[in-house]
2 protein chains.
Amino acid sequence: MDGLNPELMRGSLELMVLSVLSDGSKYGYLIQQRLKDASDELVDLKAGTLYPILHKLETKKMVRCRWDDSTGRRRKWYELTAAGKKQLKVRVDEWQAYVECLRRVLGPLADPSPMPA
Amino acid sequence: MDGLNPELMRGSLELMVLSVLSDGSKYGYLIQQRLKDASDELVDLKAGTLYPILHKLETKKMVRCRWDDSTGRRRKWYELTAAGKKQLKVRVDEWQAYVECLRRVLGPLADPSPMPA
DNA sequence: GCCGATATATCGCTCAGCGATGTATCGTCA
DNA sequence: TGACGATACATCGCTGAGCGATATATCGGC
């Protein structure tokens, strides 16, 4: 995590990983890069965060994985399972509900208040 | 927390408490109720969560507080300090940035996809 | 040959949230 | 009157996410 409040990110990292995997299988390091790109450098998942997440997703059968040793670089490719895709939808819905809820709680504070005239 | 993913809420609870205090001073239990109301029952802060947050905000001088023993009910009223109001603005901005960032990361997934025709 | 980037893995710390528990008062209903 | 649920505040200790630190190994460029 970089420019964003790290406390806020807690809980949405798994969603982000699932999301990045939704447009095709990727290996860990690539996921990390894609996430950084997609977020304008704001989300920079540390290795100590990313890999445990991937292992957890694998245990829960949300992703399947396959080692590729054909190049010098050992790479572990991850792909969403059907359960993973379903889970992603659930997580996105949870996220939308959360945002909507916060909007309600924040009330007028949530509105982009322009410079006072 | 009730209908929402509790993992997601982590990190935004303090923001919510500050937010509820922004329209006037309140005591703990009242904050809890207001938050529940404002969120359509979705956010139900437990006492074991709320009071430590308030103590922390007090320690950080984000709120000032005053006991009211005039009624039988011992109540501790909390009020945002100037620093607290400033902090609230910062937190709201962080929240907006976070939401915007997630929208970018989720990409097409973030769009409300209607029933397929 | 050294260094930074690529690539994965694990251990252990920190800290937020919260369940459990404790205390005390109030209003209501039997 | 006594029981019970709501009001009102507090603290202890557990769980689990995130991550810093550390380890290992390969690759390309200078």
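The chains referred to below are lettered A, B, ... by the order of the sequence lines, with proteins before strands, and numbering in each begins at 1. Note: hydrogens, waters and symmetry copies are ignored here, and every other heavy atom, side chains too, is used. On a predicted model such as this, the values are computed, not experimentally measured, just so you know.
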**Student:** Taking CG from A/Asn5 and P from C/dA16, how many angstroms apart are they, rounded to a whole number?
**Tutor:** 11 Å

**Student:** Starting the side chain at C-beta, find the nucleotide from D/dC9, C/dT8, D/dG20 nearest to B/Trp67.
**Tutor:**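 So the side chain of B/Trp67 is nearest to D/dC9.
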
**Student:** Using the closest heavy atom to pick a nucleotide of DNA chain C for each, name whichever of A/Trp77 or B/Lys56 lands nearer the 5' end.
**Tutor:**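 On the 5' side of the pair lies A/Trp77.
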
**Student:** Where the side chain of A/His55 is concerned, which of C/dT10, D/dG18, D/dC9 is the nearest nucleotide?
**Tutor:**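 The nucleotide sitting nearest to the side chain is C/dT10.
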
**Student:** For A/Tyr51 and C/dT8, is the shortest distance between a side-chain N/O and OP1 or OP2 below 4.0 Å?
**Tutor:**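 So the side-chain polar atoms of A/Tyr51 do come within 4.0 Å of the phosphate oxygens OP1 or OP2 of C/dT8, strictly under.
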
**Student:** Can you tell me how far P of D/dA6 sits from NZ of B/Lys36, to the nearest Å?
**Tutor:** 10 Å

**Student:** Just how far, in rounded Å, is P of D/dA6 from CZ of B/Arg73?
**Tutor:**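 The distance from CZ of B/Arg73 to P of D/dA6 comes to 12 Å, rounded to the nearest Å.
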
**Student:** When only distance counts, do a donor and an acceptor, one from the side chain of A/Arg74 and one from the base of C/dT8, lie under 3.5 Å apart?
**Tutor:** no

**Student:** In this structure, how many angstroms lie between the C1' atom of C/dT25 and the CG atom of B/Asp68, rounded?
**Tutor:** 14 Å

**Student:** Taking only Lys NZ, Arg NE, NH1 and NH2, and the carboxylate oxygens of Asp or Glu, determine whether A/Lys60 and A/Glu14 approach each other closer than 4.0 Å.
**Tutor:** yes

**Student:** Nearest whole Å is fine: how far is C/dA16 C1' from A/Leu13 CG?
**Tutor:**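 Whole-Å distance recorded here is 14 Å.
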
**Student:** Regarding B/Arg10 and A/Glu7, does a basic nitrogen lie under 4.0 Å from an acidic carboxylate oxygen?
**Tutor:** no

**Student:** In whole angstroms, how far is the C1' atom of C/dG17 from the CG atom of B/Asp44?
**Tutor:**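 The distance from CG of B/Asp44 to C1' of C/dG17 comes to 13 Å, rounded to the nearest Å.
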
**Student:** Distance check needed: C/dA16 C1' versus B/Leu45 CG, whole Å only.
**Tutor:**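 Between C1' of C/dA16 and CG of B/Leu45: 12 Å.
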
**Student:** On DNA chain D, nearest-nucleotide positions of B/Arg10 versus B/Leu54: which is more 5'?
**Tutor:**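 On the 5' side of the pair lies B/Leu54.
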
**Student:** Rounded to the nearest Å, what distance is computed from the CG atom of residue B/Leu8 to the C1' atom of nucleotide D/dG18?
**Tutor:**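 B/Leu8 atom CG is separated from D/dG18 atom C1' by 15 Å.
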
**Student:** Looking at every strand, decide which applies to A/Glu14 at a 4.0 Å heavy-atom threshold: base, sugar-phosphate, or nothing.
**Tutor:**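 If one applies the 4.0 Å heavy-atom cut-off, A/Glu14 turns out to touch nothing in the nucleic acid.
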
**Student:** Would you kindly compare A/Gly11 and A/Gly72 by the position of their nearest DNA chain D nucleotide and give the one closer to the 5′ end?
**Tutor:**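 The residue whose closest nucleotide sits nearer the 5' end is A/Gly11.
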
**Student:** Are the charged groups of B/Asp44 and B/Lys46 less than 4.0 angstrom apart, N to O?
**Tutor:**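 Counted as a salt bridge, because a side-chain N and a carboxylate O are separated by less than 4.0 Å.
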
**Student:** So does B/Glu58 pair up with B/Lys76, basic N to acidic O under 4.0 Å?
**Tutor:**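 Looking at B/Lys76 together with B/Glu58, the answer is yes, because their closest N to O distance falls below 4.0 Å.
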
**Student:** Should the pair A/Lys36-A/Glu41 be classified as a salt bridge under the 4.0 Å nitrogen-to-oxygen rule?
**Tutor:** no

**Student:** Quick check on DNA chain C: between A/Lys76 and B/Ala47, whose nearest nucleotide comes earlier from the 5' end?
**Tutor:** A/Lys76

**Student:** Among D/dC19, C/dC18, D/dC9, which nucleotide sits nearest the side chain of A/Thr49?
**Tutor:** D/dC19

**Student:** Report the nucleotide, chosen from D/dC19, D/dA6, C/dA9, that has the shortest atom-to-atom distance to any side-chain atom of A/Tyr78.
**Tutor:**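 Shortest atom-to-atom distance from the side chain points to C/dA9.
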
